[in-house]
Amino acid sequence: MARVSRQDPEQFSQQRAHPVDEVLPVGKLTLYGFQHVLAFYAGAVIVPIVLGNALGLSREELVYLINADLLTCGVASIIQALGVWKIGARLPLVQGVTFTAVSPMIAIGLGAGGGTAGLLVVYGAVITAGIATFLFAPFFSKLMKYFPPIVIGTILTVIGLTLIPQGLQDAAGGAQLKGHAEYGSTKNLAYALGTLLFILIVVRLGKPYLRSLAVLLGLVAGTGVAWLLGDVDFSGVQSADWVGVSTPFHYGMPKFEVFPIIAMIIVMLITMVETTGDVYAIGEVTRKKVDNTTVANAVRADGVATILGGIFNSFPYGAFAQNIGLVRMSKVMSRFVVVAASGFMIVMGLLPKAGSVVAAIPHPVLGGAAIAMFGMVAAVGIQILGKVDLREEHNALILAVSLAAALLPNAVAPFFERMPEDVRAVLNSGITLGSLAAVVLNLFFNVFTRRSTMEIDWDGMEDDEPEEAHGPLGAHEPVGAHAPAAPFPPQGPHAHQGPHTPQGPHTQQGFYDPQGSHNPQGPHNPQGPHWGGAPGN
């Protein structure tokens, strides 16, 4: 495997494109893209299914919502991954309907009478919130100093831990089986465990190319076994239409009401925080530099996708965390793989029969794969938290209380049932509560006390990559005595200062200065890549 020595990142970028920007052969793009679709599909369709059932929509209307969602997901993911003007992070991020919006949309729709009449009020709120998100994006990105590693790491850990129960629920047979004898049956758990075990064996024993397809192979193998045993139902494929096109304002012109709009704007503010965490997570996984501009572009893409969602009969959009876990597992970092996946989504949105084939994958098989992917999201958060000095009690309390808040909705559901409906619609989400707790506690402990923060050595992350960091795409690692600098150096009074810690004029408060002697503005340059300014972590 080729090796390169430590060098200037600009010189390196001229020699070879970053793996995020690498265009793979068509065959690989097809396989890797379809793998993203399979990882994404269950989470994508669950929102229109849950919302449609809650509002009492007919089967035909429910199928229409699913097709509209898949079509809009494909367009939104292309905008996010490929980028248009200042819209899109240009990172391998797959866009999907945010789970944070489910409860508020149900409350809004039922409050408007349910059915398609309720959808019109939902769409009015969605379109308005999308416009607000787009306009607020550049201002929100300037708040990045309030999102140091303790906040980002906590949010990602909360997202992963909150999503894992959904994977376990699928492993038991899916939410539709709750209350039935089949829920949690030995057969369902065997399918889930078998799929997970197959993925782990491929990752452990397979060659790099096969390891990058471990999730796809696991889903195919699990579905194949279930089909042989008579547990896969393809009847929906026969009844599905060949072509189905989602037209703008299919159910009529949206209705704009004040309180639903306020609730949806609050939802999008939470989604901005989640998107920020996802952007930094994918930057950590791909070792791609992320800054305020990247975050602003990603949030703009959320806004545009949400506007399109309201117009084309879909819902608010944000980055899907499970696909970040897939990028880490497969080590395939090209954003053009997401573009390929988006093509599949658009086709499935236009060809209901194609989507029905994927929908036939049994829930336990999807659950087995989801456990690994959701767990990898939490692992990214823990990886970032590992660079934070958790022996410092302020940091430890931020993490501890945020995790407790995230578990509250599932642990004590009656508490939220006693809340006013509008308040419950926003707060009855573990991701929402955990994320808000992390942000607010960081303000209380670190920002208001003006504690110092840390910086990320993004250049070092791009230049000093571990062996096989890119899996099948190759690797670029340092040699000799040039060990890579930790992207999140330990901090606080207990931080270890070993013999290799940079000292002198190129350090700031004992932390590594990513600009070093090449920084013409000195170590205090506020424009350099960093997690923040005054607040600590």
Query raised in the report: Is a donor on one side and an acceptor on the other found under 3.5 Å between the side chain of Gln80 and the backbone of Ala319?
Result: no
Query raised in the report: How about Met264 and Thr306: do any of their side-chain heavy atoms sit closer than 4.5 Å?
Result: no
**Report entry** Side chains of Ser77 and Leu93 in contact at under 4.5 Å (non-hydrogen atoms)
**Finding:** no
Query raised in the report: Under 3.5 Å, side chain of Asp170 to main-chain N/O of Pro364, donor-acceptor pair present?
Result: no
**Report entry** Intermediate values then yes/no, side-chain contact (heavy atoms from CB on, under 4.5 Å), Thr133 and Leu269
**Finding:** CA-CA 8 Å; Thr133 301; Leu269 286 173; over 6 Å; no
Report summary line: Between Thr72 and Ser314, the two heavy atoms sitting closest are OG1-CB, 3.9 Å
Query - Non-hydrogen atoms of Gly222 and Thr195 that approach each other most closely - result: CA-OG1, 3.9 Å
Query raised in the report: Can a donor-acceptor pair be found between the side chains of Thr275 and Asp302 at a distance below 3.5 Å?
Result: yes
**Report entry** Met272 side chain near Val299 side chain, heavy-atom distance below 4.5 Å
**Finding:** yes
**Report entry** side-chain contact (heavy atoms from CB on, under 4.5 Å) between Val327 and Val332, intermediate numbers included
**Finding:** CA-CA 6 Å; Val327 171; Val332 178; over 6 Å; no
Query raised in the report: Okay, side chain of Ser246, backbone of Phe312: is any donor-acceptor separation there less than 3.5 Å?
Result: yes
Query raised in the report: Between Ser185 and Asn188, do the side chains contain an N or O donor and an N or O acceptor separated by less than 3.5 Å?
Result: yes
**Report entry** Sidechain-backbone polar pair: Thr154 side chain, Leu399 backbone, donor-acceptor under 3.5 Å
**Finding:** no
Query raised in the report: Can you tell me how far the OH atom of Tyr280 sits from the CD1 atom of Ile324, to the nearest 0.5 Å?
Result: 13.5 Å
**Report entry** Heavy-atom side-chain proximity of Cys73 to Tyr317 below 4.5 angstrom
**Finding:** yes
Query raised in the report: Should Ile87 and Asn297 be marked as a side-chain contact (heavy atoms from CB on, under 4.5 Å) after you check the CA-CA gap, both sets of side-chain angles, and the distance that decides it?
Result: CA-CA 5 Å; Ile87 305 170; Asn297 292 344; over 6 Å; no
**Report entry** For the student: nearest non-hydrogen atoms of Pro149 and Val388, plus distance
**Finding:** CB-CG2, 3.8 Å
Query raised in the report: Under 3.5 Å, is there a donor-acceptor pair between the side chain of His18 and the main chain of Val20?
Result: yes
Query raised in the report: Hey, is the main chain of His36 close enough, under 3.5 Å, to the side chain of Asn323 for a donor-acceptor pair?
Result: yes
Requested in this report: Evaluate side-chain contact (heavy atoms from CB on, under 4.5 Å) for Val225 paired with Tyr191, printing each intermediate quantity in order.
Outcome: CA-CA 8 Å; Val225 172; Tyr191 282 140; 4.2 Å; yes
Query - Separation between CG of Leu326 and CZ of Phe320, rounded to the nearest 0.5 Å - result: 13.0 Å
Report task. Check whether any side-chain heavy atom of Thr98 lies under 4.5 Å from a side-chain heavy atom of Phe315, and answer yes or no. Result -> no
Report summary line: Smallest heavy-atom separation, Pro362 atom then Val232 atom, equals CG-CG2, 3.8 Å
Query - Gap separating the OG atom of Ser402 from the CG atom of Leu397, nearest 0.5 angstrom - result: 10.0 Å
Query raised in the report: Does Asp21 pair with Arg90 as a salt bridge, N-O distance under 4.0 Å?
Result: no
Report task. Give, for atom CG of Leu351 and atom CG of Leu71, the distance between the pair rounded to the nearest 0.5 Å. Result -> 11.0 Å
Query raised in the report: Where the side chain of Arg335 meets the backbone of Leu82, is there a donor-acceptor pair that is under 3.5 Å apart?
Result: yes
Report task. Decide yes or no for Leu403 and Val158: does some side-chain heavy atom of the first lie under 4.5 Å from some side-chain heavy atom of the second? Result -> yes
**Report entry** Pairwise distance OG1(Thr157) to CD1(Ile384) - rounded to 0.5 angstrom
**Finding:** 8.0 Å
Query raised in the report: Is it true that the side chains of Tyr64 and Asp69 contain a donor and an acceptor less than 3.5 Å apart?
Result: no
Requested in this report: Taking the side chain as every heavy atom from C-beta outward, state whether Ser342 and Val75 have any pair of such atoms under 4.5 Å apart.
Outcome: no
Report summary line: Leu65 and Asn313 have their tightest heavy-atom pair at CD2-O, 3.5 Å
Report task. Nearest 0.5 Å please: distance from the CG atom of Asp291 over to the NZ atom of Lys289. Result -> 6.0 Å
Report summary line: All heavy atoms of Gly184 vs all of Leu189, minimum pair found to be O-CD1, 3.7 Å
Query raised in the report: Is the closest side-chain heavy-atom distance between Leu308 and Val304 below 4.5 Å?
Result: yes
